[in-house]
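Not measured: the values here are computed from a predicted model. Position 1 is the first residue of the sequence, and the numbers go up from there.
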Amino acid sequence: MQRAEEFVESEWMNVVEDIQHRIIQEYRREHDLSDASFPSITVRNLRQAALRHPEIAFWVKYNRARRGDLKVGDVAPDVPICRAVDGESSSLLEMPSTGGSNAVNRIVLVAGSYS
């Protein structure tokens, strides 16, 4: 994956997709399944398998994500953050105001999962 990222024309997502296609081809060969007989065995099916079988897919079974109840215009909850400019730990509501007492801070918060 890291090697794929070193080249402009490829990235790790392309490598993953190629691996998934090869897995399906090998499965069909091992079980003597033709594309015509089993067209439903696709990369999409492979990717959705974890959702269909959460009892064996630990990343689905132990997922703590949930749909929140925030709406546009709500005050953001205070959350721990790490500033990108210097790596200093802080919290969202501790961010200093810039521009005086009547200033409105516009903060872009990028969140994700790293595993």
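- Side-chain contact between Leu92 and Pro80 is absent, with no heavy atoms from C-beta onward closer than 4.5 Å.
- Residues Leu93 and Asp78 share a closest heavy-atom pair of N-OD1, 2.9 Å.
- At most 12 non-hydrogen atoms from other residues, nucleotides or ligands lie less than 6.0 angstrom from CZ of Arg44.
- Of the possible donor and acceptor atoms, none in the side chain of Asp18 sits under 3.5 Å from a partner among the backbone N and O of Val15.
- Minimum interatomic distance between Ile24 and Thr42 (heavy atoms only, all atoms of both residues): CD1-C, 3.2 Å.
- For the atom pair Ile81 CD1 and Ser91 OG, the distance stands at 6.5 Å (nearest 0.5 Å).
- Between atom CD of residue Glu26 and atom CD1 of residue Ile19 there is a gap of 10.5 Å, rounded to the nearest 0.5 Å.
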field: Glu17 vs Arg47, side-chain contact (heavy atoms from CB on, under 4.5 Å): CA-CA, chis, key distance, verdict
entry: CA-CA 10 Å; Glu17 186 172 2; Arg47 292 175 181 169; 3.8 Å; yes

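- For the pair His31 (side chain) and Tyr27 (backbone), a donor-acceptor distance under 3.5 Å is present.
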